[in-house]
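Notes follow the structure.
Quick note: residue numbers are just sequence positions, from 1.
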Amino acid sequence: MEALKKIIVNADDFGYRKDINKGIIFAHKNGIVKNTSVMTERDAFEDAVSLAKENPCLKNGLHIDLDTLVDINRDVIGIASVSSFKVAKPDKQQILDSINIQLDKFLNSGLKLSHLDGHHHAHMHPEIFPLVAQKAKELNVPVRFFEWFYDDFNLAQQMKQILLDLNVKFCPHFINGWYWGNVDEDFQLAELMTHPGFNEMWREFETAKCCDPVLKSYLNEKNIELISFEDI
């Protein structure tokens, strides 16, 4: 029987710290995480690469890290919105150089690239997103995109049109972390962003949620298929 829904459960921040890496691998081996996003510029990148190679069923994308350039505005529940530059506005080449350095480091590690997204969603900054979308087209991989990141409806449609014009794939529905009922939302294909890890209470909560046996049974019961970015 064909699945009623398909969902990509993606763990962000692989490579940030070893405790986070351990949590992601635990959630992969014991839970429903099939995808992760790798940070190449943080302390535990080499550890993440080693763990990824030991777990070949875990699909790896690039978690583009522009924290030194871009400031993300957040409301009280922590949802990112349109961001500003932290420093004097860098030119596009400077941004592209940073993205290319991270891409080269990822690809030179021997990992296969499954998708692109961004730490704190900085890749969706309206002046950065066209560059990332073009990279996704060149590499033939999907990119994380969700319209409600933008405060302005028309701007959101402009960004979405870039993907449509370039024929870049993206999940039409995005779920911003674990909360009650999210797998019951109205979608056919969605990405669920998670942040498993150890030694931080909120990350340990997400690790436990990803490994909840009741959740795994529920997904089977409701015929919700776990897929990877490569499947969309």
Side-chain angles (χ1 to χ4, degrees), residues 6-67 98-123 132 135-136 138-145 168-171 174-175 177-178 190-200 202-212 215-216 219 225-232:
K6 296 181 179 181
I7 190 167
I8 297 168
V9 180
N10 187 79
D12 284 16
D13 298 347
F14 198 35
Y16 199 133
R17 291 191 302 275
K18 287 188 176 182
D19 284 340
I20 294 174
N21 292 355
K22 290 177 183 176
I24 290 172
I25 294 301
F26 186 89
H28 172 60
K29 288 182 173 180
N30 301 283
I32 63 173
V33 169
K34 296 185 68 173
N35 308 262
T36 189
S37 297
V38 179
M39 304 182 79
T40 66
E41 305 307 297
R42 302 290 177 142
D43 293 341
F45 168 64
E46 296 297 339
D47 179 66
V49 171
S50 178
L51 290 170
K53 290 179 178 179
E54 292 172 8
N55 295 272
C57 291
L58 182 64
K59 307 301 182 182
N60 303 278
L62 176 64
H63 203 43
I64 297 169
D65 186 1
L66 300 174
D67 266 10
S98 179
I99 294 171
N100 283 334
I101 287 169
Q102 294 175 54
L103 268 172
D104 288 346
K105 193 170 180 179
F106 180 100
L107 296 173
N108 288 336
S109 74
L111 299 181
K112 182 181 177 182
L113 184 70
S114 67
H115 65 281
L116 297 176
D117 58 36
H119 191 46
H120 299 145
H121 309 311
H123 74 293
V132 175
K135 278 293 172 185
E138 292 170 7
L139 296 163
N140 192 30
V141 294
V143 65
R144 176 182 290 166
F145 174 79
V168 171
K169 295 179 180 179
F170 62 96
C171 278
F174 178 75
I175 302 172
W178 285 112
E191 177 195 352
L192 170 59
M193 179 184 69
T194 68
H195 290 83
F198 292 130
N199 291 328
E200 286 180 276
W202 71 281
R203 290 187 188 271
E204 294 210 9
F205 167 80
E206 297 218 0
T207 305
K209 189 68 176 178
C210 290
C211 299
D212 186 344
L215 173 64
K216 289 197 267 189
L219 295 177
E225 182 182 359
L226 293 168
I227 66 168
S228 300
F229 282 98
E230 296 173 351
D231 299 320
I232 69 174

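The residue from Leu66, Leu62, Leu116 that alone fulfils the side-chain contact (heavy atoms from CB on, under 4.5 Å) condition with Val132 is Leu116. For the salt bridge (charged side-chain N to carboxylate O under 4.0 Å, His left out) with Arg203, the qualifying choice from Asp13, Asp19, Asp12 is Asp13, the only one to do so.
Below 30°, between 30° and 60°, or above 60°: for His119 and Tyr16 the angle between ring planes is above 60°, a perpendicular geometry.
In this structure, Gln102 and Asp65 approach most closely via the heavy-atom pair OE1-N, 2.8 Å. Residues Val143 and Phe170 approach most closely at O-CB, 3.3 Å, considering heavy atoms. When all heavy atoms of Ser109 and Phe45 are compared, the pair lying nearest together is CB-CZ, 4.0 Å. Minimum interatomic distance between Ala11 and Pro196 (heavy atoms only, all atoms of both residues): CB-CD, 3.6 Å. Nearest approach of Gly197 to Thr207, heavy atoms of both residues: N-OG1, 2.8 Å. Scanning all heavy atoms of the two residues, the minimum distance from His123 to Gly118 falls at ND1-N, 3.1 Å.
With a 4.5 Å cut-off on side-chain heavy atoms, Asn199 and Glu204 count as touching. With contacts defined as side-chain heavy-atom distances shorter than 4.5 Å, the pair Asn60/Leu113 does not qualify. Between Ile232 and Glu191 there is no side-chain heavy-atom pair separated by less than 4.5 Å. Looking only at side-chain heavy atoms (C-beta outward), Arg17 and Asp43 stay at 4.5 Å or farther from each other. By the 4.5 Å heavy-atom criterion applied to side chains, Leu103 and Lys135 are counted as neighbours. Side-chain contact check for Cys210 versus Trp178: some heavy-atom pair is nearer than 4.5 Å. Between Ile25 and Phe14 the shortest side-chain heavy-atom distance falls below 4.5 Å. Val49 is listed as a side-chain neighbour of Lys53, based on a closest heavy-atom distance under 4.5 Å.
Here Asp117 contributes atom CG and Phe174 contributes atom CZ; the two are 8.0 Å apart, rounded to the nearest 0.5 Å. Glu225 CD to Ile7 CD1: the interatomic distance, rounded to the nearest 0.5 Å, is 11.5 Å. Distance check, rounded to the nearest 0.5 Å: CD1 of Ile8 to CD1 of Ile227 gives 4.5 Å. Between the CD1 atom in Ile24 and the CG atom in Asn35 there is a gap of 11.5 Å [rounded to 0.5 Å]. Remark: Lys209 NZ to Leu215 CG distance equals 6.0 Å, nearest 0.5 Å. Separating the CG atom in Leu58 from the OG1 atom in Thr36 is a distance of 5.5 Å, to the nearest 0.5 Å.
Side-chain atoms of Lys59 and Asn10 include no donor-acceptor pair closer than 3.5 Å. Ser50 and Glu46 are not linked by any side-chain donor-acceptor pair at a separation below 3.5 angstrom, with hydrogens and angles left out of the test.
More than 12 heavy atoms of other shown residues, nucleotides or ligands fall within 6.0 angstrom of atom NZ in Lys105. The 12-atom threshold is exceeded at NZ of Lys216, counting heavy atoms of other residues, nucleotides or ligands nearer than 6.0 Å.
Formation of a donor-acceptor pair under 3.5 Å by the His115 side chain with backbone atoms of Val141 is not found in this model. A donor-acceptor pair under 3.5 Å is absent between the side-chain atoms of Asn21 and the main chain of Asp47, judged by distance alone.
Salt bridge Lys6/Asp231: absent, no basic N to carboxylate O contact under 4.0 Å.
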